[in-house]
Amino acid sequence: QVQLVESGGGLVQAGGSLRLSCAASRSIFGLNVMGWYRQAPGKQRELVATITSSGSTNYADSVKGRFTISKINAKNTLYLQMNSLKPEDTAVYYCKITTLVGRDYWGKGTLVTVSS
C-alpha cells in the first residue's frame, strides 16, 4: 500500500504562485503514471496534469503554460508548480499514483484558494 500526503496549498491572490508537493510513503521509482487532479466546489473532479515514469508530461488545456508537473524519485515526491493563478483554479488538489498493474492510490487533498 502507498500512502500519499499533499502539502503546499493555501490562499493566494490572482497572478500569484504556489508549489504543491505530494510525498509518497514508499519509492515511486518505476510507477507508471503520477498525476494531479482538482475538484472545485460544486464541480466534478478533473485531471490537471500527469507524468509517466519516463518523464513524459500532459496537461489540461486550462493550465498549459502556467502549471508544471515534476517529480524527484529519490525523495519519493511529486510536485505541481502553479504560476499565474486564476480564481477559477480554486479547488482541492489531489495527487494520484497509478501502478504498472493499474492500481490507483490517492492523497487526501490540499486546498488552493485564489482570490481576485
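Both backbone and side-chain heavy atoms feed into the values below; hydrogens, waters and symmetry mates do not. We're numbering straight along the sequence, starting at 1.
Between the side chain of Thr98 and the main chain of Gly102, no donor-acceptor pair closer than 3.5 Å is present. For the pair Thr90 (side chain) and Val114 (backbone), a donor-acceptor distance under 3.5 Å is present. Between the side chain of Arg66 and the backbone N or O of Ser84 there is at least one donor-acceptor pair closer than 3.5 Å. Between the side chain of Thr77 and the backbone N or O of Lys75 there is at least one donor-acceptor pair closer than 3.5 Å. When atom types are taken as modelled, the side chain of Trp106 and the backbone of Ile97 share no donor-acceptor pair closer than 3.5 angstrom.
Transitive grouping of hydrophobic side chains (ILVMFWY, heavy atoms separated by less than 4.5 Å) keeps Tyr79 and Tyr93 in distinct clusters. In the hydrophobic cluster analysis, where Ile, Leu, Val, Met, Phe, Trp and Tyr join through side-chain heavy atoms closer than 4.5 angstrom, Val112 is grouped apart from Val92.
How far OG of Ser21 is from NZ of Lys71: 15.0 Å, rounded to the nearest 0.5 Å. Taken from SG in Cys22 to CE in Met34, the straight-line distance is 9.5 Å, to the nearest 0.5 Å. If you take OG1 on Thr68 and CE on Met82, they are separated by 11.0 Å, rounding to the nearest 0.5 Å. Remark: Ser70 OG to Leu80 CG distance equals 8.0 Å, nearest 0.5 Å. A distance of 7.0 Å separates OG1 of Thr50 from OH of Tyr37, quoted to the nearest 0.5 Å. For the atom pair Arg38 CZ and Leu20 CG, the distance stands at 11.0 Å (nearest 0.5 Å).
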Side-chain polar contacts of residues 2-17 - donor-acceptor pairs under 3.5 angstrom, sequence neighbours left out - could you list them?
unit_1 : atom_1 : unit_2 : atom_2 : d
Glu6   : OE1    : Lys108 : N      : 3.0
Glu6   : OE1    : Gly109 : N      : 2.8
Glu6   : OE2    : Cys95  : N      : 2.9
Glu6   : OE2    : Gly109 : N      : 3.2
Ser17  : OG     : Asn83  : OD1    : 2.9

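Both tests pass for Arg45 against the ring of Tyr94: distance under 6.0 Å to the centre and angle within 45° of the axis.
Counting heavy atoms from C-beta on, the side chains of Ile69 and Leu78 come closer than 4.5 Å.
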Practice prompt. Could you give me the CA-CA distance, side-chain angles and deciding distance for Asp61 and Lys64, then say whether salt bridge (charged side-chain N to carboxylate O under 4.0 Å, His left out) is met?
Written response: CA-CA 5 Å; Asp61 288 341; Lys64 285 182 178 178; 3.2 Å; yes
Discussion item. Under the criterion side chain to side chain donor-acceptor pair (under 3.5 Å), I'd like the reasoning laid out for Ser53 against Asn32: C-alpha separation, chi angles, the key distance, then a yes or no.
Written reply: CA-CA 5 Å; Ser53 59; Asn32 192 39; 4.8 Å; no
Discussion item. Side chain to side chain donor-acceptor pair (under 3.5 Å), that's the test. Do Ser56 and Ser54 meet it? Break it down for me.
Written reply: CA-CA 6 Å; Ser56 179; Ser54 64; 5.5 Å; no
